[in-house]
Each structure stands twice: as C-alpha cells, then as structure tokens.
Protein chains: 2
Amino acid sequence: MSVRLRPIQALRLWHEVGLALVRGNGVDLTSRQLAVLLTIYLEPPPHTVRGLAAKLGVTKPVITRALDAMGDMDLVSRRRDPADRRNVIIQRTVRGALFLDELGDLIAARAAELAP
Amino acid sequence: MSVRLRPIQALRLWHEVGLALVRGNGVDLTSRQLAVLLTIYLEPPPHTVRGLAAKLGVTKPVITRALDAMGDMDLVSRRRDPADRRNVIIQRTVRGALFLDELGDLIAARAAELAP
DNA sequence: CCCAATCGTTTCACCTCCGTATCATAAACG
DNA sequence: CGTTTATGATACGGAGGTGAAACGATTGGG
C-alpha cells in the first residue's frame, strides 16, 4: 500500500533510475532504442518495422538500425514472416526479457522507497 | 491511495512516458542530458561541471556539451563563480523549471492510471 | 501475366555524441 | 613572484544516429 506518486517524487524516480542507467555498466541504449524494446515486450505481437516506426513517430531506418544494435546485444531477434515474406517479425530473447525484468524491479524498488 | 507499483506496471510507466518524450515535438534530450538536468533541479546547489561529471560517472566534456545544448534551449544557464572564478555555477531557468514541472505531472498522471 | 504497391534494407550526406589530450585561465602555496 | 594545482573549455578522431532517397524482394490486383 502506498500513497499516489506525486510529481516531485515522479521526477526523483526518473532521476534515480536515469542515473542508474547512465552509470550502468553493461547495456546502454538510446531513448529511442529503449522505447522500441519496451514496445516489443509490452505490446501484443506481432511487431513489424513499419508498425514500430509508426508507433514511435520515426522513420523506418531508425527502427532497422535500432534492431541491428539490439540484435547485436542479443536483446531482440528477427525472422521473416513465412506468410508474407516481405514482413519481418521481431521476437523477444531470453536476454532481453531478463534485462527488462531487472529494469522493472529497479524502477519498482525506487518507487517504493520514494512513496512508501 | 494506490497499491505499490509492481515491476510490470513500472515498465509500462517507463514505456508510456518514453513514448511521449520520443514522439514529443518540442525538446529532445539525450538520456545523459536529462540526467544532468534532473540533477541540477533536484539536488541542492551549487552545481559545477566537475561535480556533475563525477555524479554521472562521465568525463567533463560530456557535461560541458550537455550544458551547451541545454543552454541553447534555455533550460539552464551558466555564470562564473565570483568567489572562485575558475568555477562555473549552473543555474536554473524559468523554461527549464516549466519543462520539468510538466514532465513530473506527466509521469505522475501515468502512474496514477497504472496503479489506481 | 505483368505492373504497381508494399515492406525492410541500404546508401548518402550531415550532424551529434563520446573520450583523450590539450589549452587558457585562475587560485594556492612555497 | 614563480611554480604547481585545479577548473572548465576546446580540438581531434572515431563511432553512431538521423532523415531523405533509392534499392531489392515480395505480393497482389487488373
């Protein structure tokens, strides 16, 4: 049980988590890359390059390159859609799920500290 | 009154706010720039380039350039410390305070929706 | 069939960011 | 004073991101 998060506490939450991500050792993602990753893991599949581009309001190459970068980090994977081979289906990976699990725990823990 | 924010809700919160920032028309900040801005506005002054660099675990040029960029957007301002003219004191601006007010409201509003 | 439409990728020129190294200025100290 | 130390800014090369445009691959409608 906790009181509603107030704006000042919300900023402190963003601040602390942002610091943890910036100082973070391993993965460092662009804000757009993180937005892509969260969309893939939180919204119902299937996910396509075009759909993600529209969702974020950016051009398709932005998505392609974000997927390249995160694919190299093994956070997502791609495969052709067998039904329509023009499409590319973006899939989750174990490492990506683990990364977001930890991020969710981090945010929730800081929120609990700020609004007990 | 709200239940404690759970990890999955925390991720949804980050996702929605991240989307709003990415799609947002106006100010476009790097995660490091936002971390600098939040530090300036949330932690007690005075703030110096060196102190901010240590706080974020980055080199001094990163801070100098972040301040350049955010100074152009009128989110922060700099002035020499009259006591020790080697130092630069980073100061808040009306526009920066307004931007962070709106961000705090945005986060708090989304959090209230997610964990009612 | 064939040709237009769709999808993801690639190319291009430009810009910004990063860290290292260096610089100019200013204070501290012998 | 002159030297050392400290601070912030700048130069530089490298890496990566961005949008616009063009490109292959694939589909589906006429």
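Computation of the quantities below employed the complete heavy-atom set of this structure, encompassing side-chain atoms and omitting hydrogens, waters and symmetry-equivalent molecules. The sequence lines fix the lettering, A, B, ..., with proteins before strands; numbering per chain opens at 1.
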*For the helix from C:dC1-D:dG30 to C:dG30-D:dC1, what angle lies between the axis at the first five pairs and the axis at the last five pairs, to 10 degrees?*
10°
Separation of atom [atom1] in [X] from atom [atom2] in [N], rounded to whole Å:
X       : N      : atom1 : atom2 : answer
A:Asp68 : C:dT11 : CG    : P     : 12 Å
B:Ile63 : C:dC17 : CD1   : C1'   : 13 Å
A:Ile89 : C:dG8  : CD1   : P     : 8 Å

*Got a donor-acceptor contact below 3.5 angstrom from the B:Thr93 side chain to the B:Asp74 backbone?*
yes
*asked:* Using modelled atom types and a 3.5 Å cut-off, is there a donor and acceptor pairing between side-chain atoms of A:Arg95 and backbone atoms of A:Met73?
replied: yes
*What is the distance from atom CG of B:Leu37 to atom CH2 of A:Trp14, rounded to the nearest 0.5 Å?*
14.0 Å
*Could you tell me the separation between the CD1 atom of B:Ile8 and the CG atom of B:Leu114, rounded to the nearest 0.5 Å?*
10.0 Å
*Pairwise side chain to side chain donor-acceptor pair (under 3.5 Å) hits with a residue in residues 33-42 of chain B, at least two apart*: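 Passing the test, one end in residues 33-42 of chain B: A:His15-B:Thr39.
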Those residues that, when tested against [X], pass salt bridge (Lys or Arg N to Asp or Glu O under 4.0 Å) (two or more places apart):
X       : result
B:Arg6  : none
B:Arg32 : A:Asp28
B:Asp84 : B:Arg86

*Phosphate OP1/OP2 of C:dC17: any B:Gln33 side-chain N/O under 4.0 Å*: yes
*Got a sec, which pairs hit salt bridge (Lys or Arg N to Asp or Glu O under 4.0 Å) with one end in residues 57-69 of chain A, sequence neighbours left out?*
A:Asp68-A:Arg78
*Under 4.5 Å between any side-chain heavy atoms of B:Val36 and B:Leu56, yes or no?*
yes
Return the polar atom pairs (N/O with N/O) between nucleotides 20-30 of chain C and the protein under 3.5 Å, or none.
residue, atom, partner, partner atom, Å
C:dA27, OP1, B:Arg85, N, 3.1

*Which residues in residues 40-56 of chain A have at least one heavy atom lying under 4.0 Å from any atom of DNA chain D?*
none
Throw together a table of side-chain donor-acceptor distances under 3.5 angstrom for residues 43-51 of chain B, partners on residues two or more places apart or in other chains.
residue, atom, partner, partner atom, Å
B:Glu43, OE1, B:Lys55, NZ, 3.2
B:Glu43, OE2, B:Lys55, NZ, 3.2
B:His47, NE2, B:Ile40, O, 3.2
B:His47, NE2, B:Glu43, O, 2.9
B:Thr48, OG1, B:Gly51, N, 3.0

Donor-acceptor contacts, no H, no angles, side chain residues 98-112 of chain B, under 3.5 Å, sequence neighbours left out:
none

*Return the set of residues passing side chain to side chain contact (heavy atoms under 4.5 Å, CB included) with A:Arg85 (not counting sequence neighbours), or none when no residue passes.*
A:Arg80
*What are the 5'-most and 3'-most nucleotides of DNA chain D lying under 4.0 Å from any heavy atom of chain A?*
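First-to-last contact on DNA chain D, by the 4.0 Å heavy-atom rule, is D:dG17 to D:dT27.
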